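Right, one structure below, let's go through it.
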Amino acid sequence: MSPDATTTSPSDWRYIAEGGSSIVFFYNGPPNPDFDATALRLRKTANDVFPVIDESVEEEEPDDPTILFQHQVIQRLMPAEYLPRLDAVRVGKEWLEELKKLNEEIRPLERREKDGIDVRKRKAVLATDLVGGTNGFTVEIKPKWGFLPSPTHLSIATRPVKTNTCRFCMHSHLKSSEGEEVSLGYCPLDLYSGQEDRIKKALHALWDVWIGSSGSVNNLRVFVDGQIVSPSLLPSSLAPLAKKLPLPDPSSPPSLTGLRDAFTDAILPLLMDIPVLRVLSTLQRNLDALDVEGLSVLWSQAYASVNAQAVVDGGAGGSLPVPPLGTGLAEPTLEDWKAFLDIYLTKHANMDHDHPDAANIKYYCMAYLLSTSFKDCSIILRLPRDGANTVTVIDLDVKPVDRMSKWENLDKKIVQSYRSLSEPTHCVDQWASQTS
């Protein structure tokens with residue numbers, strides 16, 4: 001039987017943060033063996049969706065798909081020591097409404113205007129609390145894409161750009177040109193490099209953007225005692241963090257540069273010693289073997305084969321247009337994912353990805369979908385006072401099939417924008433020649 005969050009008071013749960021689809025709280029109530037050191041992850045819904053709850057329905061609500069996906073898919077690819085606990089927990093409408101009421105004013109205004117807790121849900125996710133209770137501090141990094149694509153499936157026009165500049169740097173340029181605040185100066189390939197000087201460069205860039213944007217750019221977030229730190233150009237805004245850092249002279253007020261250096265020195269050894277970034281980069285690269293360009297070509301070839309067969313069978317065939325990438329492809333079931341992994345773990349390394357078979361289009365689409373989960377995840381670095389530092393990978397949700405055509409179009413837009421630069425940035429992929 002799943003634990004029941006409604007046996008606790010909504011006031012026992014403290015708001016941590018939220019993303020596009022979920023909102024997270026950590027348990028801050030009296031000792032409770034079911035909830036001590038846990039976080040509650042709740043699904044959100046758009047404000048224009050009015051909840052309709054049929055109280056007469058007694059059918060058991062399934063566990064959140066995130067739980068099953070981690071237990072049966074992600075754990076076969078990512079070492080368990082880098083993953084959080086994820087279990088189902090029961091919730092209720094009145095309890096969720098009270099929790100929502102207590103925390104609505106704490107949430108960022110731009111989030112409140114758009115969505116809120118989905119009070120229709122009867123189950124949520126209970127996870128490891130990675131933010132509270134450290135007596136130190138916690139860092140969340142969204143590392144993003146950690147590789148440059150193989151040139152094999154790139155067009156003549158895009159090859160010079162894509163093989164020299166990483167996706168994140170190109171996308172940052174596009175967002176910046178459209179007026180969005182982004183992590184300019186941060187290159188994921190530096191963070192993934194395994195080289196101390198490059199990792200330090202990446203951390204400095206993340207820190208500088210975090211300070212300069214007052215924390216609005218989400219590639220770096222810092223938590224102290226369960227509370228998110230809201231930075232500014234005033235060193236005093238970082239007082240909670242400063243108390244946790246090993247500063248050279250704690251008796252004198254630290255500068256922003258001094259705080260940045262102390263912050264970097266604290267987390268650099270953890271990133272150097274634990275191979276989690278290398279694992280992420282390898283999974284991203286191997287699962288995205290064709291790049292979205294090559295996947296699109298294979299999709300067209302698969303439909304050409306279908307049309308040709310239709311002609312042979314006496315149908316219209318060749319007149320049928322190729323639908324957008326992913327159109328008509330059913331969302332993979334858990335059984336589909338299990339079957340996919342059976343192939344991936346035994347045959348993928350020996351498949352001829354330079355000459356993919358159109359008959360394997362579903363396999364390559366699923367591989368690309370899974371690669372996006374690893375490209376969009378976060379890593380949580382916990383640095384408690386006792387020195388028992390840990391690294392955990394979170395937000396490894398499965399992505400929906402209907403995004404595939406959007407990703408293809410976005411890729412074209414990103415590259416087209418970046419090709420217009422007279423002096424493009426060149427990124428160095430440390431592992432390109434060492435990863436199969």
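The model shown is predicted, which means the values in this text are computed figures rather than measured ones.
When atom types are taken as modelled, the side chain of Asp288 and the backbone of Gln284 share no donor-acceptor pair closer than 3.5 angstrom. Within the 3.5 Å criterion, the main-chain N or O of His173 finds no donor-acceptor partner in the side chain of Ser176. Judged purely by atom type and a 3.5 angstrom limit, Asn103 uses its side chain to pair as donor or acceptor with the backbone of Leu99. The backbone N or O of Ser417 sits less than 3.5 Å from a side-chain atom of Ser420, completing a donor-acceptor pair. One N or O on the side chain of Thr8 and one on the backbone of Ala5 form a donor-acceptor pair closer than 3.5 Å. Side-chain N or O atoms of Asp87 include none that pairs as donor or acceptor with a backbone N or O of Ser2 at under 3.5 Å. Under the 3.5 Å distance criterion, the side-chain polar atoms of Arg41 are left unmatched by any main-chain donor or acceptor of Val125. Under a 3.5 Å cut-off, the side chain of Ser237 and the backbone N or O of Ser232 do form a donor-acceptor pair. In this structure, the side chain of Ser281 does not engage the main chain of Arg278 through any donor-acceptor pair within 3.5 Å. Judged by distance alone, the side chain of Thr138 and the main-chain N or O of Arg382 form no donor-acceptor pair under 3.5 Å.
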Determine, step by step, whether Tyr344 and Leu287 satisfy the side-chain contact (heavy atoms from CB on, under 4.5 Å) criterion, reporting the C-alpha distance in whole Å, the side-chain angles of both residues, the deciding distance to 0.1 Å, and the verdict. CA-CA 9 Å; Tyr344 176 79; Leu287 289 163; 3.6 Å; yes
Evaluate the salt bridge (Lys or Arg N to Asp or Glu O under 4.0 Å) criterion for residues Lys162 and Asp411: first the C-alpha distance (whole Å), next the side-chain angles of each, then the deciding distance (0.1 Å), finally the verdict. CA-CA 10 Å; Lys162 284 188 170 183; Asp411 182 79; 2.7 Å; yes
Leu381 and Leu271: side-chain contact (heavy atoms from CB on, under 4.5 Å), yes or no, with the steps? CA-CA 9 Å; Leu381 313 175; Leu271 292 174; 4.1 Å; yes
Verdict with reasoning, Glu335 to Lys338, per salt bridge (Lys or Arg N to Asp or Glu O under 4.0 Å): CA-CA 5 Å; Glu335 292 305 313; Lys338 291 178 183 177; 3.3 Å; yes
Would Phe374 and Ile74 count as a side-chain contact (heavy atoms from CB on, under 4.5 Å) here? Give the steps. CA-CA 10 Å; Phe374 292 105; Ile74 298 299; 3.8 Å; yes
Report the C-alpha distance between Asp376 and Asp395 in whole Å, list the side-chain angles of each, state the deciding distance to 0.1 Å, and finish with yes or no for side-chain contact (heavy atoms from CB on, under 4.5 Å). CA-CA 8 Å; Asp376 200 38; Asp395 296 342; over 6 Å; no
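Of the charged side-chain nitrogens involved, at least one lies within less than 4.0 Å of a carboxylate oxygen, so that Asp115 and Arg107 count as a salt-bridged pair. Arg159 has no carboxylate O lying under 4.0 Å from a charged side-chain N of Asp291, or vice versa, which leaves the two without a salt bridge. The existence of a salt bridge linking Lys101 and Glu104 is excluded, since no basic side-chain nitrogen approaches an acidic carboxylate oxygen closer than 4.0 Å. Between Lys123 and Asp64, no side-chain nitrogen of the basic residue sits less than 4.0 Å from a carboxylate oxygen of the acidic one, so the salt-bridge criterion is not met. Salt-bridge formation is detected for the pair Asp342/Arg76: a Lys NZ or Arg NE/NH1/NH2 atom is positioned less than 4.0 Å from an Asp or Glu carboxylate oxygen.
In this structure, NZ in Lys44 is found 4.5 Å from CZ in Arg111, a value given to the nearest 0.5 Å. From Asp12, atom CG reaches atom CG of Asn28 across 8.0 Å, with rounding to the nearest 0.5 Å. One distance of note links CD of Glu81 with CG of Leu83; it measures 8.5 Å at 0.5 Å rounding. If you take CG on Leu295 and CG on Leu325, they are separated by 5.0 Å, rounding to the nearest 0.5 Å. Of the inter-residue distances, the one linking Asp190 atom CG with Cys427 atom SG reads 7.5 Å to the nearest 0.5 angstrom. Between atom CE of residue Met404 and atom CG of residue Asn409 there is a gap of 12.0 Å, rounded to the nearest 0.5 Å.
In the displayed structure, Lys114 atom NZ is contacted under 6.0 Å by at most 12 heavy atoms of other residues, nucleotides or ligands. Heavy atoms of other residues, nucleotides or ligands lying less than 6.0 angstrom from CZ of Arg85 number more than 12. Counting non-hydrogen atoms of other residues, nucleotides and ligands closer than 6.0 Å to NZ of Lys399 gives a total above 12. Atom CD of Gln416 is surrounded by 12 or fewer heavy atoms from other residues, nucleotides or ligands within 6.0 Å.
Under 3.5 Å, the side chains of Asp336 and Thr333 contain a donor-acceptor pair of N or O atoms. A donor and an acceptor atom, one from each side chain of Thr257 and Ser255, are nowhere located under 3.5 Å apart. Counted by atom type alone, Glu181 and Ser213 present zero donor-acceptor pairs between their side chains at under 3.5 Å.
Closest approach of Val224 and Gly136 over heavy atoms only: CG1-O, 4.1 Å. Of all heavy-atom pairs between Asp4 and Phe35, the closest is O-CZ, 3.5 Å. Here the closest non-hydrogen pair linking Ala262 and Pro246 is CB-O, 4.4 Å. When every heavy atom of Leu383 is checked against every heavy atom of Ala266, the shortest pair comes out as CD2-O, 3.4 Å. Counting all heavy atoms, side chain and backbone alike, Leu241 lies closest to Val222 at CD1-CG1, 4.0 Å. Residues Asn47 and Gly116 come closest through the heavy atom pair OD1-N, 3.7 Å.
Residues Gln70 and Met78 are not in side-chain contact: their nearest non-hydrogen atoms beyond the backbone lie 4.5 Å or more apart. Between Lys121 and Leu42 the shortest side-chain heavy-atom distance does not fall below 4.5 Å. Side-chain contact check for Val73 versus Leu341: some heavy-atom pair is nearer than 4.5 Å. In this structure, Leu203 and Arg260 have side chains that are not in contact, with every pair of non-hydrogen atoms separated by 4.5 Å or more. By the 4.5 Å heavy-atom criterion applied to side chains, Val161 and Leu154 are not counted as neighbours. For the pair Leu370/Phe69, a side-chain contact is recorded, criterion being any heavy-atom separation below 4.5 Å from C-beta on. Counting heavy atoms from C-beta outward, Ser193 and Ile199 have side chains that approach closer than 4.5 Å. Inter-residue side-chain proximity for Val24 and Glu18 is flagged as unmet; no heavy-atom pair is nearer than 4.5 Å.
In this view, Lys100 satisfies the side-chain hydrogen bond (donor to acceptor under 3.5 Å, both in side chains) rule with no residue, not counting sequence neighbours.
Using cut-offs of 30° and 60° for the angle between ring planes, the Tyr186 and Phe168 rings count as perpendicular. Ring geometry, Trp13 versus Trp95: the interplanar angle exceeds 60°, so the pair is classed perpendicular (tilted spans 30 to 60°).
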Return all side-chain donor-acceptor pairs below 3.5 angstrom for residues 361-369, not counting sequence neighbours, or 'none' if the list is empty.
| residue | atom | partner | partner atom | Å |
| --- | --- | --- | --- | --- |
| Tyr363 | OH | His348 | ND1 | 2.7 |
| Tyr364 | OH | His353 | ND1 | 2.8 |

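Looking at Arg120, Arg90, Arg122 one by one, the single match for salt bridge (Lys or Arg N to Asp or Glu O under 4.0 Å) with Glu61 turns out to be Arg122.
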